[in-house]
Visitor: 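Handing you a structure now.
The shown structure was predicted, so the numbers you read here are calculated from the model rather than taken from an experiment. For reference, positions follow the sequence shown, starting with 1.
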Amino acid sequence: MSSHGPRARARPLPLCSGMHVLLTLSDRGRLVLCSSVMGALSSCTHVPCPPPAPTGAKRTLAASSSQPPNGLEPGGQPLKTRTLSGMASKTTSTVTPKRVAHSPSLQSLKKPVIPKEFGGKVPTVVRQRYLNLFIEECLKFCPSNQEAIEKALNEEKAAYDRSPSKNIYLNLAVNTLKKLRGLGPSTVQGLSKSGGRRVVSHEVVLGGKLAAKTSFSISRPTSPRVEDLKGAALYGRLRDYLLSEDQLKENGYPFPHPGRPGGAVIFTAEDKPPKDSSCRVCCRCGTEYLVSPSGRCVRDEECHYHWGRPRRNRAAGGWETQYMCCSAAIGSAGCQVAKQHVQDGRKENLEGFVKTFDKELPEDAHPGIYALDCEMSYTTYGLELTRVTVVDTDMQVVYDTFVKPDNEIVDYNTRFSGVTEADLADTSISLRDVQAVLLSMFSADTILIGHSLESDLLALKVIHSTVVDTAVLFPHRLGLPYKRSLRNLMADYLRQIIQDNAPARTPAPACTW
């Protein structure tokens with residue numbers, strides 16, 4: 001076909017899978033695309049075109065035998081018209097997907113932020129982390145996001161208000177998190193939907209997809225549990241935990257004085273040179289003060305002290321020591337104010353002690369097991385007994401009474417003892433009465449359980465060496481004179497919170513758990 005002849009007839013050019021592109025010559029002799037199916041081209045995969053037909057006279061390159069002349073397709077409509085209408089339908093009839101309302105996820109949910117507090121007892125970062133965990137659990141069972149946030153805020157604030165230190169806050173936060181998880185929907189199945197999110201059960205995390213259909217068992221030793229031991233069996237088991245004589249001496253337990261009847265000796269007591277009897281050192285703030293012969297302070301002087309113990313905390317660049325009560329630095333002014341100075345005094349006057357003695361028992365009986373706890377208040381003499389509690393192995397209180405001290409009370413020490421002025425108003429029980437009752441209950445072989453039991457025996461003025469001391473069984477990592485508190489032991493080993501916002505809780509039952 002010559003490019004200088006008359007306008008050539010349009011020739012259909014096959015293009016993959018029966019789609020046709022019509023090429024023609026323009027007035028200037030150039031090939032022009034007259035009509036196409038570009039919309040279809042974009043949606044089809046590429047198929048190689050067949051090889052070109054041999055050259056010759058005017059013939060289609062690879063035209064279909066059913067192609068009618070004059071570019072007409074069946075139906076009598078020109079190909080150009082049909083192709084353009086097809087392009088319009090493909091470009092104007094596009095289906096738009098239906099829009100779905102967006103449900104806020106946990107990441108898009110705006111969480112409340114706890115404001116930073118200077119010198120706070122718990123770091124803000126720790127509080128924020130547990131608040132976020134509380135919100136995640138509350139979203140699983142609360143009907144709305146707002147209610148979930150409010151409940152999480154209330155739970156976090158309650159845990160913070162009840163915590164005097166960071167460690168106690170962590171224990172309360174963990175218990176609160178367990179409680180909230182128990183309120184959520186059951187996740188026994190592998191996957192369940194809660195609040196629009198997929199919740200993976202604990203079994204699936206540990207065992208995979210077959211965990212929901214498979215049972216697991218753990219082989220444990222067949223030795224009896226402590227809860228199952230009673231009577232003589234429990235007594236025999238506890239004998240393995242009795243303190244030795246060296247441990248008794250090392251921890252300051254009283255022993256009979258070798259040359260003075262009714263006297264006691266403590267092997268950890270420091271031998272100090274005699275000093276002026278009218279000068280004493282306050283056991284709370286360390287200030288020296290003068291007293292009259294009756295033990296009263298000569299001058300009215302307030303006592304500023306920290307009731308919390310010093311504790312080392314990791315800080316930027318090293319360690320810093322702070323008081324647990326207010327997180328103040330060592331050497332700072334006390335956060336509590338008392339009317340006057342006080343002293344301990346229990347190790348200064350070691351007279352008036354009694355010792356438990358041997359008793360004959362029936363063959364089928366055992367000497368007994370009891371938990372013991374005492375509370376003390378400050379008098380003009382020092383710390384004196386104001387309450388004693390004895391609990392048996394059945395968690396029953398067998399003896400509990402308030403005690404009237406021999407000297408005048410100057411500070412009831414209610415924060416730690418729980419004893420108030422009203423408790424002792426009608427009390428006539430003396431220390432000698434308490435000693436008589438305990439000597440009738442106990443024998444030299446009776447096992448007494450307590451935490452720092454030497455402190456209680458000094459207040460009772462009782463010498464007893466068959467003891468199980470939880471402060472010795474669970475020592476502090478730094479060793480003596482440091483000791484772990486019973487509150488921390490209960491939280492770490494039994495997941496129980498004791499002495500929480502309560503000024504009068506005896507820990508005697510805690511030692512038997």
Visitor: Could you walk me through whether Leu243 and Thr466 satisfy the side chain to side chain contact (heavy atoms under 4.5 Å, CB included) test, starting with their C-alpha distance in whole Å, then the side-chain angles of each, then the deciding distance to 0.1 Å, before giving a yes or no?
Guide: CA-CA 7 Å; Leu243 268 63; Thr466 311; over 6 Å; no
Visitor: Using a strict threshold of under 4.0 Å (side-chain N to carboxylate O), is an ion pair present between Arg387 and Asp423?
Guide: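 A salt bridge is absent here (no side-chain N lies under 4.0 Å from a carboxylate O).
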Visitor: Consider only side-chain N and O atoms of His341 and Thr287, and report whether a donor and an acceptor are under 3.5 Å apart.
Guide: no
Visitor: Is the shortest distance from a Lys or Arg side-chain nitrogen in Lys249 or Glu245 to a carboxylate oxygen in the other one below 4.0 Å?
Guide: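 Judged by the 4.0 Å cut-off on N to carboxylate O distance, Lys249 and Glu245 do form a salt bridge.
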Visitor: Just by modelled atom types, is the Leu172 backbone N or O under 3.5 Å from a matching donor or acceptor in the Asn175 side chain?
Guide: no
Visitor: Is there a donor-acceptor pair under 3.5 Å between the side chain of Asp344 and the backbone N or O of Lys347?
Guide: no
Visitor: Show, in sequence, the C-alpha distance, side-chain angles and deciding distance for Glu150 and Asn154, and conclude whether the side-chain hydrogen bond (donor to acceptor under 3.5 Å, both in side chains) test is met.
Guide: CA-CA 6 Å; Glu150 291 179 359; Asn154 293 335; over 6 Å; no
Visitor: To the nearest 0.5 Å, tell me how far Leu439 CG sits from His464 NE2.
Guide: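 One gets 10.5 Å once the value is rounded to the nearest 0.5 Å.
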Visitor: Between Arg346 and Glu384, does any NZ, NE, NH1 or NH2 come within less than 4.0 Å of an OD or OE carboxylate oxygen?
Guide: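 Not counted as a salt bridge, because no side-chain N and carboxylate O are separated by less than 4.0 Å.
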Visitor: For Tyr160, is the NZ or CZ atom of Arg127 found under 6.0 angstrom from the centre of its six-membered ring and inside 45 degrees of the ring axis?
Guide: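 Because its charged atom sits under 6.0 Å from the ring centre and within 45° of the axis, Arg127 does stack over Tyr160.
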Visitor: Whether the side chain of Thr414 engages the backbone of Val419 through a donor-acceptor N/O pair (distance < 3.5 Å, no angle test) should be reported.
Guide: yes
Visitor: Would you call the rings of Tyr130 and Tyr169 parallel, tilted or perpendicular, where under 30° means parallel and over 60° means perpendicular?
Guide: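 Geometry flag for Tyr169 against Tyr130: perpendicular rings.
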Visitor: For the pair Glu302 and Lys339, find out whether any cationic side-chain nitrogen is under 4.0 Å from an anionic carboxylate oxygen.
Guide: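 So Glu302 does not pair with Lys339 through a salt bridge.
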Visitor: Do any N or O atoms from the side chain of Gln435 and from the backbone of Lys461 form a donor-acceptor pair under 3.5 angstrom?
Guide: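 Confirmed, Gln435 side chain pairs with Lys461 backbone.
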Visitor: Give the C-alpha distance, both sets of side-chain angles, the deciding distance and a yes or no for ring pair (Phe, Tyr, Trp, His ring centres under 6.0 Å) between Tyr412 and Tyr378.
Guide: CA-CA 6 Å; Tyr412 285 90; Tyr378 291 103; over 10 Å; no
Visitor: Is a side-chain donor or acceptor of Gln343 paired with a backbone partner of Tyr381 at a separation under 3.5 angstrom?
Guide: yes
Visitor: With the threshold set at 4.0 Å, does a side-chain nitrogen-carboxylate oxygen contact exist between Glu351 and Arg260?
Guide: yes
Visitor: Please, which pairs that meet ring-ring contact (aromatic ring centres under 6.0 Å, His included) have at least one residue in residues 308-328, sequence neighbours excluded?
Guide: His306-Tyr323
Visitor: Checking Ser452 side chain against Ser455 main chain: does a donor-acceptor pair fall under 3.5 Å?
Guide: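 No, because the side chain of Ser452 does not come within donor-acceptor range (under 3.5 Å) of the backbone of Ser455.
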Visitor: Kindly assign one of parallel, tilted or perpendicular to the pair Phe442 and Tyr370, based on the angle between their ring planes and the thresholds 30° and 60°.
Guide: tilted
Visitor: Heavy atoms, side chains only, cut-off 4.5 Å: are Pro112 and Ile149 in contact?
Guide: yes
Visitor: Ignoring hydrogens and angles, tell me if any N or O in the side chain of His366 forms a donor-acceptor pair with the backbone of Thr446 under 3.5 Å.
Guide: no
Visitor: Side chains of Asn132 and Gln128: is there a donor and an acceptor less than 3.5 Å apart?
Guide: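 Short answer, yes.
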Visitor: Charged N to carboxylate O under 4.0 angstrom, Arg284 versus Asp411?
Guide: yes
Visitor: Going from CG on Leu458 to CE on Met376, what distance comes out if it is rounded to the nearest 0.5 angstrom?
Guide: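 The CE atom of Met376 is 8.5 Å from CG of Leu458, to the nearest 0.5 Å.
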Visitor: Taking atom types as modelled, find out whether Asp400 and Thr389 have a side-chain donor-acceptor pair closer than 3.5 angstrom.
Guide: yes
